[in-house]
Amino acid sequence: MTFSEFKKSISKIENFEVLGEEAHLQMAPNFRKTELKQVNIEAKKPKEAGVMALFYPNSEEETCLTLILRKTYKGVHSAQIGFPGGRKEKQDKDLQETALRETHEEVGVHPKEIKVLKELTKIYIPPSNFWVQPFFGIAEKTPNFKKQESEVEEILEVKLSDFLNNDNLVEETLSTSYAKNVNVPAFYLNDQIVWGATGMMLNEVKALLNEML
């Protein structure tokens with residue numbers, strides 16, 4: 001789908017309801033579903049973060065979505081796929097500003113280049129104790145991406161057609177620092193397994209797009 005067609009199709013995105021936790025849980029590993037049922041999020045005093053689901057035209061006018069592969073480091077999200085975004089800082093007036101600032105820092109797209117169209121559903125991430133607010137945004141032109149060398153291993157440009165293709169929904173057995181040999185539902189995008197909180201948020205984006213496109 002060309003980006004012009006995509007923009008026209010999503011022009012009334014504000015009129016569509018998000019599926020929220022229903023969409024999240026469809027892509028949640030069983031152990032995560034159990035955690036989320038039991039946890040008292042407010043009592044955990046979670047840190048806040050904002051992330052951006054950024055759609056844009058590539059050089060062929062195809063619609064793409066930006067994801068990042070994080071660097072390998074000593075942390076629960078080491079070498080995982082995520083949206084550009086990060087922790088709210090004191091200077092951020094709200095989480096949308098956080099998502100825009102962090103997107104600029106991580107992939108080089110200036111806030112003025114991004115039009116935020118919709119706030120999606122917050123999601124709690126138990127391993128890192130973050131409450132994450134995703135946003136749906138578009139860039140009108142092909143971004144001049146520049147990765148943040150200290151945090152981003154690779155910028156992934158995912159074609160919309162691949163993202164919406166149900167053949168790219170898979171199940172994998174994975175091990176992490178906090179879970180060993182677990183079966184997880186995932187997206188297979190750009191030769192990468194995308195699961196956990198990112199997969200859950202992606203599923204809400206996909207459900208929303210399936211209603212509009």
Side-chain angles (χ1 to χ4, degrees), residues 6 9-56 63 65-68 70 76-77 80-89 92-103 106 111 114-139 156 158 160 163-164 166 168-169 184-187 189 194-213:
F6 177 76
S9 296
I10 66 169
S11 60
K12 296 183 179 179
I13 189 173
E14 278 299 330
N15 297 333
F16 288 80
E17 292 187 6
V18 295
L19 289 182
E21 288 187 4
E22 179 185 346
H24 290 171
L25 292 175
Q26 289 172 359
M27 292 296 290
N30 287 330
F31 71 88
R32 182 59 49 80
K33 291 178 184 177
T34 301
E35 283 181 296
L36 292 174
K37 286 180 182 178
Q38 297 174 345
V39 69
N40 181 341
I41 299 175
E42 297 287 355
K44 291 284 188 179
K45 297 181 179 179
K47 298 159 285 188
E48 289 188 295
V51 301
M52 186 66 64
L54 179 63
F55 290 86
Y56 63 93
T63 303
L65 167 67
T66 311
L67 295 174
I68 61 172
R70 298 203 174 276
V76 295
H77 300 304
Q80 290 186 2
I81 304 296
F83 291 102
R87 183 173 184 166
K88 185 180 181 183
E89 302 292 349
D92 298 333
K93 67 178 182 181
D94 54 30
L95 288 170
Q96 179 172 310
E97 187 169 292
T98 299
L100 289 167
R101 175 184 55 75
E102 285 280 346
T103 297
E106 292 190 334
I114 299 173
K115 182 178 181 180
V116 179
L117 300 181
K118 197 172 187 68
E119 181 180 287
L120 302 173
T121 305
K122 288 177 75 173
I123 185 170
Y124 178 65
I125 306 178
S128 55
N129 194 33
F130 264 100
W131 215 348
V132 179
Q133 176 65 67
F135 296 88
F136 186 112
I138 62 171
L156 306 179
V158 179
L160 177 67
F163 173 46
L164 296 181
N166 287 333
N168 289 325
L169 293 174
V184 301
F187 289 87
L189 302 170
V194 188
W195 69 287
T198 303
M200 293 162 72
M201 288 185 281
L202 277 174
N203 203 49
E204 182 179 42
V205 175
K206 181 178 178 179
L208 186 59
L209 291 177
N210 279 336
E211 287 190 54
M212 294 184 291
L213 302 181

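Because only heavy atoms are used, hydrogens play no part in the values below, and waters and symmetry mates are left out as well, while side chains stay in.
Side-chain atoms of Phe130 and Lys47, non-hydrogen and from C-beta on, do get closer than 4.5 Å to each other. With a 4.5 Å cut-off on side-chain heavy atoms, Leu36 and Glu21 do not count as touching. At least one side-chain heavy atom of Leu169 sits less than 4.5 Å from a side-chain heavy atom of Lys206. Residues Tyr124 and Pro46 are in side-chain contact: their nearest non-hydrogen atoms beyond the backbone lie under 4.5 Å apart. With a 4.5 Å cut-off on side-chain heavy atoms, Lys44 and Asn40 do not count as touching. Inter-residue side-chain proximity for Val194 and Val158 is flagged as unmet; no heavy-atom pair is nearer than 4.5 Å. Within the 4.5 Å cutoff, no side-chain heavy atoms of Phe135 are placed close to those of Leu100. Taking 4.5 Å as the limit, every side-chain heavy atom of Pro111 sits out of range of all side-chain heavy atoms of Gln96.
Taking the six-membered ring where tryptophan is involved, the planes of Phe163 and Phe55 are tilted, since the angle between them lies from 30° to 60°.
In plain terms, the two heavy atoms of Lys93 and Lys88 that are nearest each other are O-NZ, 4.4 Å. Phe83 approaches Thr66 most closely through the heavy-atom pair CD2-O, 4.3 Å. Closest approach of Leu19 and Ala207 over heavy atoms only: CD1-CB, 3.4 Å. Across every non-hydrogen atom of Thr198 and Leu67, the tightest pair is CG2-CD2, 4.5 Å. In terms of heavy atoms, Glu35 sits closest to Pro126 at OE2-CB, 3.7 Å.
Partner Ile138 forms a side-chain contact (heavy atoms from CB on, under 4.5 Å) with one of Thr63, Ile10, Ile13, Ile114 and no other, that one being Ile10.
Between the Thr98 side chain and the Asp92 main chain, no donor and acceptor come within less than 3.5 Å of each other. Remark: side-chain polar atoms of Glu48 are not paired, donor with acceptor, to backbone N or O of Val132 under 3.5 angstrom. Between the side chain of Asn203 and the main chain of Ala23, a donor-acceptor pair closer than 3.5 Å is present. Side chain of Gln133 to main chain of Gly50: no donor-acceptor pair is present (N/O by atom type, distance under 3.5 Å, no hydrogens or angles). Checked by atom type and distance alone, the side chain of Glu211 never pairs as donor or acceptor with a backbone atom of Phe16 at under 3.5 Å.
Rounding to the nearest 0.5 angstrom, the gap separating the OG1 atom in Thr121 from the CE atom in Met201 is 11.0 Å. Rounded to the nearest 0.5 angstrom, Leu54 CG and Phe136 CZ are separated by 9.5 Å. For the atom pair Met212 CE and Asn15 CG, the distance stands at 10.5 Å (nearest 0.5 Å). Remark: Glu204 CD to Met27 CE distance equals 13.5 Å, nearest 0.5 Å. Atoms CD and CD1, on Gln80 and Ile68 in that order, are 11.5 Å from each other to the nearest 0.5 Å. Atom-to-atom distance recorded for Arg32:CZ and Met200:CE is 6.5 Å, nearest 0.5 angstrom.
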Quick one: do Leu208 and Leu120 satisfy side chain to side chain contact (heavy atoms under 4.5 Å, CB included)? Show the steps, please.
CA-CA 10 Å; Leu208 186 59; Leu120 302 173; 4.0 Å; yes
Run the side chain to side chain contact (heavy atoms under 4.5 Å, CB included) check on Leu160 and Leu209 step by step: do they pass?
CA-CA 10 Å; Leu160 177 67; Leu209 291 177; 3.9 Å; yes
Glu119 and Val18: CA distance, side-chain angles, deciding distance, side chain to side chain contact (heavy atoms under 4.5 Å, CB included) verdict:
CA-CA 9 Å; Glu119 181 180 287; Val18 295; over 6 Å; no
Show the numbers, then the answer: is there a side chain to side chain contact (heavy atoms under 4.5 Å, CB included) between Leu65 and Leu202?
CA-CA 10 Å; Leu65 167 67; Leu202 277 174; 3.6 Å; yes
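The neighbour count for Lys33 NZ, taken as heavy atoms of other residues, nucleotides or ligands under 6.0 Å away, is above 12. Counting heavy-atom neighbours within 6.0 Å of Glu14 CD, excluding the residue itself, gives a total above 12.
By the 4.0 Å N-to-carboxylate-O rule, Arg70 lies close enough to Glu106 to be salt-bridged with it.
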